[in-house]
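Scroll down for the structure; my scribbles are underneath it.
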Protein chains: 2
Amino acid sequence: MTTALASKQLPLRMKASFPIAVVAKAKAPSPASADKQATGLDELGTAHVVPRGKTVAEEGTPAEYVFKIVSGAFRVVRLLPDGRRSVIDFLLPGDYFGLAENGTYSHSLEVISDASFIRYPKGQLRHLLDSDPRASRRFFNLMCEQLSAAQGRLLMLSRKSAVERIASFILAMADRSQRKNGAIKLPMNRADVADYLGLTIETVSRTLSQLRADKVIELPTACQIVLRDRDRLAAISGDN
Amino acid sequence: MTTALASKQLPLRMKASFPIAVVAKAKAPSPASADKQATGLDELGTAHVVPRGKTVAEEGTPAEYVFKIVSGAFRVVRLLPDGRRSVIDFLLPGDYFGLAENGTYSHSLEVISDASFIRYPKGQLRHLLDSDPRASRRFFNLMCEQLSAAQGRLLMLSRKSAVERIASFILAMADRSQRKNGAIKLPMNRADVADYLGLTIETVSRTLSQLRADKVIELPTACQIVLRDRDRLAAISGDN
DNA sequence: CGGCGCCTTGAATAATATCAACGATAGTGG
DNA sequence: CCACTATCGTTGATATTATTCAAGGCGCCG
């Protein structure tokens with residue numbers, strides 16, 4: 001509860017200096033048929049730049065768009081009526097949001113670090129999927145990956161201890177995230193990690209401190225992690 | 001751990017009287033093109049009958065088939081190396097298994113109550129998806145539903161208390177499951193429920209007892225639940 | 001330099017797991 | 001058909017883990 005309310009609305013100093021802006025408008029829409037592009041999708045979307053803290057899509061509002069992350073980092077958030085928060089996923093460049101959202105968004109999409117994305121009208125995407133087998137196949141595979149990832153997290157949340165979750169998380173971020181001279185750079189804060197792993201801020205912090213004390217990781221800053229003993233981290237994580 | 005090992009292999013007395021059997025072999029395979037069927041898929045599969053306790057697909061083995069449940073109930077199971085178990089989903093008639101499984105199965109599919117299913121070679125299904133937009137769309141929507149369901153469960157596992165999980169579970173089963181004169185008939189045992197909700201057998205049992213004591217439900221038998229106060233159950237469940 | 005978030009750490013509490021015993025039930029074999 | 005037995009379910013006592021409450025420190029930005 002504390003976690004949820006604390007992180008519900010990040011009071012970021014959002015000067016108007018960095019508003020949502022259409023940065024590039026694509027060429028004239030073509031009757032999605034003879035495509036040479038990877039997906040034939042690119043020309044349907046508009047590019048946008050957004051500042052940290054911005055909510056790009058809001059839970060409960062009509063799901064009109066699908067988003068493709070270009071740069072930066074996002075969190076996918078869902079709330080319980082009493083305010084408890086769950087971070088369903090973190091999105092990084094190349095990831096999509098909204099593919100499975102039907103009618104209204106069941107999640108909010110929030111910007112963690114200054115970011116940009118391409119936004120596609122859902123109707124047009126649907127049409128493309130119906131008419132272009134290549135795109136259809138591509139997005140079907142994307143859905144498969146998302147589902148697999150979600151199922152992996154179900155196992156984690158239902159059966160893993162706090163250290164195991166943290167270890168798994170660090171290893172996953174090590175693969176996905178940016179590096180800054182050897183250190184993994186976490187774009188999210190402790191509250192986000194906590195709500196992603198189903199823990200509290202305090203437990204996340206304590207567990208990281210413990211891993212540091214055990215010389216498995218180093219923490220140059222709060223949002224940087226250096227792997228000191230990857231094998232042991234993998235052993236702690238519990239899988240394989 | 002106790003839970004996992006206890007329920008890892010149900011020592012059901014499996015007399016040879018009820019083996020897997022091909023019950024119906026479909027007509028000659030057609031070059032999936034001019035389909036009149038709902039999905040054009042039916043003729044690709046073979047029907048099978050399986051007894052309780054049987055493992056129909058095993059985690060780690062090549063994912064050659066997709067399954068459509070016809071009757072009975074199944075659990076989708078994933079194990080941690082040390083034996084801890086998670087029930088990722090329960091499958092009832094109309095549900096599919098294996099759509100997102102790539103290369104090798106990342107879950108086992110186990111029969112909870114005597115059941116039957118149709119099995120489709122994955123390669124042929126893929127081919128159908130590539131060639132038939134109707135089928136493609138249908139299965140894309142199925143994947144969307146599965147993903148949404150998984151995400152809902154992520155919220156539950158990461159933020160809900162034991163009572164809330166049990167209440168949500170009962171309400172969900174009330175919609176999906178069979179009835180037996182007014183009572184919801186659970187096909188699974190306590191260990192399955194526990195591993196599905198990320199709890200222990202004992203906590204599941206205690207929580208159900210407590211709900212009974214509070215006159216929210218009745219438990220005519222261990223596997224039957226009568227809703228006595230659906231509104232209160234919904235309130236307890238936490239969502240909406 | 002000052003203030004505000006964010007992070008860390010400690011101590012007490014609450015929730016759930018674990019250990020253990022008993023009870024109920026259903027399927028088996030006599 | 002009944003009694004037996006294995007399995008499953010319930011309940012109690014205790015242990016453990018993570019949460020909650022509280023305070024202080026660090027770092028960043030203005």
Side-chain angles (χ1 to χ4, degrees), chain A residues 1-15 17-18 51-53 84-85 112-113 157-166 186-195 197-213 217 219-225, chain B residues 1-15 17-18 51-53 83-85 112-114 157-166 186-195 197-213 217 219-225:
Chain A
M1 253 150 274
T2 325
T3 304
L5 295 174
S7 51
K8 187 172 179 180
Q9 203 165 11
L10 298 175
L12 298 169
R13 46 270 94 154
M14 280 214 302
K15 303 220 162 167
S17 64
F18 216 164
R52 188 156 68 106
R84 276 174 291 179
R85 191 183 81 144
I112 292 180
S113 66
L157 292 176
S158 73
R159 286 297 173 222
K160 284 195 188 177
S161 70
V163 227
E164 291 172 325
R165 293 181 203 195
I166 295 280
L186 300 182
M188 71 291 286
N189 62 24
R190 295 286 185 270
D192 291 333
V193 176
D195 289 344
L197 298 177
L199 301 170
T200 58
I201 298 175
E202 293 93 331
T203 300
V204 170
S205 184
R206 265 186 263 273
T207 306
L208 286 171
S209 297
Q210 186 208 313
L211 288 174
R212 182 187 48 194
I217 61 171
L219 297 166
T221 74
C223 289
Q224 291 189 327
I225 301 183
Chain B
M1 250 150 276
T2 326
T3 305
L5 296 175
S7 51
K8 186 173 179 180
Q9 202 167 11
L10 298 175
L12 297 169
R13 44 272 92 152
M14 280 214 301
K15 304 219 162 164
S17 64
F18 217 164
R52 186 157 70 106
R84 276 174 291 178
R85 192 182 81 144
I112 291 180
S113 65
D114 294 345
L157 292 177
S158 73
R159 286 296 172 224
K160 284 195 188 176
S161 70
V163 226
E164 290 172 324
R165 295 181 200 194
I166 294 281
L186 301 181
M188 72 290 287
N189 62 24
R190 295 288 185 268
D192 291 334
V193 175
D195 289 344
L197 298 178
L199 301 170
T200 57
I201 298 175
E202 293 93 332
T203 300
V204 171
S205 185
R206 264 187 264 271
T207 306
L208 285 170
S209 296
Q210 186 208 311
L211 288 174
R212 182 188 48 194
I217 60 170
L219 297 166
T221 73
C223 290
Q224 292 190 326
I225 300 182

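Reminder, nothing fancy here: chain letters follow the sequence lines and each chain counts from 1. Just so you know, these numbers come straight off a predicted model, no measurement behind them.
The CZ atom of R84(A) sits 12 Å away from the P atom of dA15(C) (whole-angstrom rounding). A straight line from CD1 of I225(A) to C1' of dC7(C) spans 13 Å, rounded to a whole angstrom. The separation between R52(A) atom CZ and dC29(D) atom P is 8 Å, rounded to whole Å. One atom, CD1 of I201(B), and another, P of dA21(C), lie 17 Å apart when rounded to the nearest Å. Atom CZ in R190(B) sits about 19 Å away from atom P in dT18(C), given to the nearest Å. Atom CG of L186(A) is separated from atom P of dC7(C) by 10 Å (rounded to the nearest Å). Atom pair I166(B):CD1 and dA15(C):P shows a separation of 16 Å (rounding to whole Å applied). Rounded to whole angstrom, the span from the CG atom of L197(A) across to the C1' atom of dA18(D) amounts to 13 Å.
Under the 3.5 Å distance criterion, the side-chain polar atoms of R84(B) are matched with a main-chain donor or acceptor of R159(A). For T207(B) (side chain) and T203(B) (main-chain N/O), a donor-acceptor pair under 3.5 Å exists by modelled atom type.
Across all strands shown, R165(B) has no heavy atoms under 4.0 Å from either base or sugar-phosphate atoms. S161(A) comes within 4.0 angstrom of sugar-phosphate atoms only, judged by non-hydrogen atoms across all strands, and of no base. Counting any heavy atom pair closer than 4.0 Å across all strands shown, S209(A) reaches sugar-phosphate atoms only and no base atom.
Listed pair T203(A) / dA18(D) fails the phosphate criterion, with no side-chain N or O lying under 4.0 Å from OP1 or OP2.
We find the CZ-CG distance between R85(A) and D192(A) to be 4.5 Å, quoted to the nearest 0.5 Å. Atom OG in S161(B) sits 9.0 Å away from atom CG in L199(B) (nearest 0.5 Å).
For M188(B) and V163(A), each mapped to the nucleotide of DNA chain D holding its nearest heavy atom, the one lying further toward the 5' end belongs to M188(B).
Listed nucleotides dT19(D), dC7(C), dT18(C) differ in distance to E202(B); the shortest reach to its side chain belongs to dT18(C). Comparing dG9(D), dC6(C), dA18(D) by their closest approach to the side chain of N189(A) singles out dC6(C). For S205(A), the listed nucleotide lying nearest its side chain is dC7(C); candidates were dT16(C), dC7(C), dT19(D).
Considering only heavy atoms from C-beta on, R165(B) comes within 4.5 Å of L157(B) through its side chain.
Taking 3.5 Å as the limit, the base of dG12(D) and the side chain of R206(B) contain a donor-acceptor pair of atoms between them.
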